[in-house]
Amino acid sequence: MEQLMKDFFLFLSQNKTLTKAAKKWGLRFGAQRFVAGELTDDAVRVIRELNKQGLVVTIDYLGEFVETEQEANEKTEHSIATLEAIGREKLNSQLSLKMTSMGMDISDEVIMRNMRRILDTAKKYNIFVTIDMEDYSRYHKTLEIFKKLKSEYDNVGTVLQAYLYSVADDIQELNAYSPNLRLVKGAYKESPEVAFPEKKDVDENYKKIIKIHLLNGNYTAIASHDEAIIEYTKKLAEEHNIPKSQFEFQMLYGIRSDRHLELVKEGYTFRVYVPYGNDWYGYFMRRLAERPANVWFVLKGMFK
Ligand code: FDA
């Protein structure tokens, strides 16, 4: 049943008609729990509140199914405006983005131009930018662009997904770039030809790549709500004398918020991934897919 619900929400997340319609509806169905708001001002307010509590942030201007150069340029402008707001308001926040929003599916020229514009602005304000990892069909392209950009900019990192069979080898290959990486389990529906279908295998592989990347001496963001993974990382760091300055924990806005503060109190850097913007539908559906128990928020939202 749980798997069925998961597949159902992942299926819904890819529906272009609903994605379009949701932009007009405004934040609904309990999506406010996971999305900071629709405007840059909403994002600034939420980042400031989190910063006050000792939490650092990575902000994401949401975007799905960008198909034209004009749309990609508009999304790029929004990300640049977000960076300007972080700089102007002196907030402690990085930026996260999806390269499909910036034109990765349109052409190499569009994506490279938009990414360089974003990274130039980010550099001006000393802001780090993480390229989120999308589905497997974009995996190799994302890594290829990341390597190119990393040789031009220090302030860029990306994400690797533990569910991929190849990830341990890929992380070793990337070691030549000493990259700052966010490690996650993986959020998309992938074929068993490329990704572990069983959760227990994903969890084991996740531990394996956390260990490889940390022992290679690279900065590592462990982005997971899974307590077993957090405990594993803490123990690993203790055993190998890995300083707290070499890694951080990350979780999504609205998920396990009490735990965010506890980890800060324990002396760890804790970063909250805060999405905002009117393109909230796909992101929201992926969160429901991760935890169908959250569906009752949707039902509550519908009857409000
Ligand atoms: P897992 O799914 O095993 O969950 C462990 C426990 O956490 C659950 O039992 C539950 O208690 C709690 N939990 C998990 N999800 C929840 C939810 N939605 N609501 C309430 N509780 C929940 N993926 C990707 O493919 N590319 C990317 O770029 C990113 N980026 C990213 C950034 C950050 C900061 C985070 C935290 C995650 C991502 N992800 C991602 C998503 C990631 O791949 C994965 O899908 C989710 O984090 C869920 O996996 P967990 O590691 O949390 O464990």
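Note that ligands are numbered from 1 as they come in the structure, with each ligand's atoms numbered from 1 the same way. Computed from a predicted model, the values in this text were never measured in an experiment.
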Going by atom types only, do [X] and [Y] share a side-chain donor-acceptor pair under 3.5 Å?
X    : Y    : value
R182 : T220 : no
N180 : N218 : no
T58  : S96  : yes
Y165 : D170 : no

Task: K244 atom NZ: more than 12 heavy-atom contacts under 6.0 Å - done: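 More than 12 within 6.0 Å, yes.
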
- [ ] Mark the output for K199 as yes if a heavy-atom distance to ligand 1 is under 4.0 Å, and as no if none is.
- [x]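 Contact check K199 vs ligand 1: positive.
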
Who's closest to [atom] heavy-atom-wise, of [options]?
atom                    : options               : value
atom 51 (O) of ligand 1 : P275, A162, S224      : S224
atom 26 (N) of ligand 1 : R259, M133, E190, R33 : M133
atom 7 (O) of ligand 1  : H225, M251, E227      : H225
atom 25 (O) of ligand 1 : R271, Q161, R286      : Q161

Task: Heavy-atom protein contact below 4.0 Å for atom 2 (O) of ligand 1 - done: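 There is no protein heavy atom less than 4.0 Å from atom 2 (O) of ligand 1.
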
Open item on the list: Just verifying a value: how many Å separate I59 CD1 and I127 CD1, rounded to the nearest 0.5 Å?
Closed with: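 One gets 11.0 Å once the value is rounded to the nearest 0.5 Å.
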
- [ ] Examine the proximity of ligand 1 to V159 and report which part, side chain or backbone, both or neither, has a heavy atom under 4.0 Å away.
- [x]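 Side chain only; the backbone of V159 stays clear of ligand 1.
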
TODO: Heavy-atom distances under 4.0 Å are what count here, so tell me which part of I255 touches ligand 1: side chain, backbone, both or neither.
DONE: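 The answer is the side chain.
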
Any N or O of [X] that comes nearer than 3.5 Å to an N or O of ligand 1?
X    : value
A187 : yes
Q250 : no
L252 : no

Tell me: protein heavy atom nearest [atom], and distance?
atom                    : answer
atom 19 (N) of ligand 1 : N294 ND2, 2.9 Å
atom 30 (N) of ligand 1 : R182 NH1, 3.4 Å
atom 22 (C) of ligand 1 : R291 CD, 3.2 Å
atom 49 (O) of ligand 1 : K185 CD, 4.1 Å
atom 48 (C) of ligand 1 : E290 CD, 3.9 Å

Hey, which atoms in ligand 1 end up nearer than 4.0 Å to a heavy atom of [X]?
X    : value
Y188 : 25 (O)
G186 : 25 (O), 42 (C), 43 (O), 45 (O)
D132 : 28 (O)
R287 : 18 (N)
V184 : 23 (N), 24 (C), 29 (C), 30 (N), 31 (C), 38 (C), 39 (N), 40 (C), 42 (C), 43 (O)

Task: Side chain proximity check, Y232 to L236, heavy atoms < 4.5 angstrom - done: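 Touching, per the 4.5 Å side-chain cut-off.
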
Task: Heavy-atom side-chain contact between S101 and E71 under 4.5 Å - done: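 No; the side chains remain at least 4.5 Å from each other.
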
- [ ] Verify the cluster assignment for Y273 and I229: are they in a single hydrophobic cluster under the rule of side-chain heavy atoms below 4.5 Å apart?
- [x]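 Unlinked, Y273 and I229 end up in two clusters.
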
- [ ] Look at the side-chain heavy atoms of Ile, Leu, Val, Met, Phe, Trp and Tyr, link any pair under 4.5 Å apart, and say whether M133 and M104 land in one connected group.
- [x]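 M133 and M104: one cluster.
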
Task: Contact summary for L174 and K147, nearest pair of heavy atoms - done: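 Nearest heavy atoms, L174 then K147: CD2-CE, 3.8 Å.
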
Open item on the list: Please enumerate all residues that pass ring-ring contact (aromatic ring centres under 6.0 Å, His included) together with H225, with sequence neighbours excluded.
Closed with: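 By the ring-ring contact (aromatic ring centres under 6.0 Å, His included) rule, H225 matches no residue at all.
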
Open item on the list: Checking side-chain contact (heavy atoms from CB on, under 4.5 Å) between R138 and each of D105, I145, L143, which is the one that passes?
Closed with: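 It is D105, the one option of D105, I145, L143 that forms the side-chain contact (heavy atoms from CB on, under 4.5 Å) with R138.
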
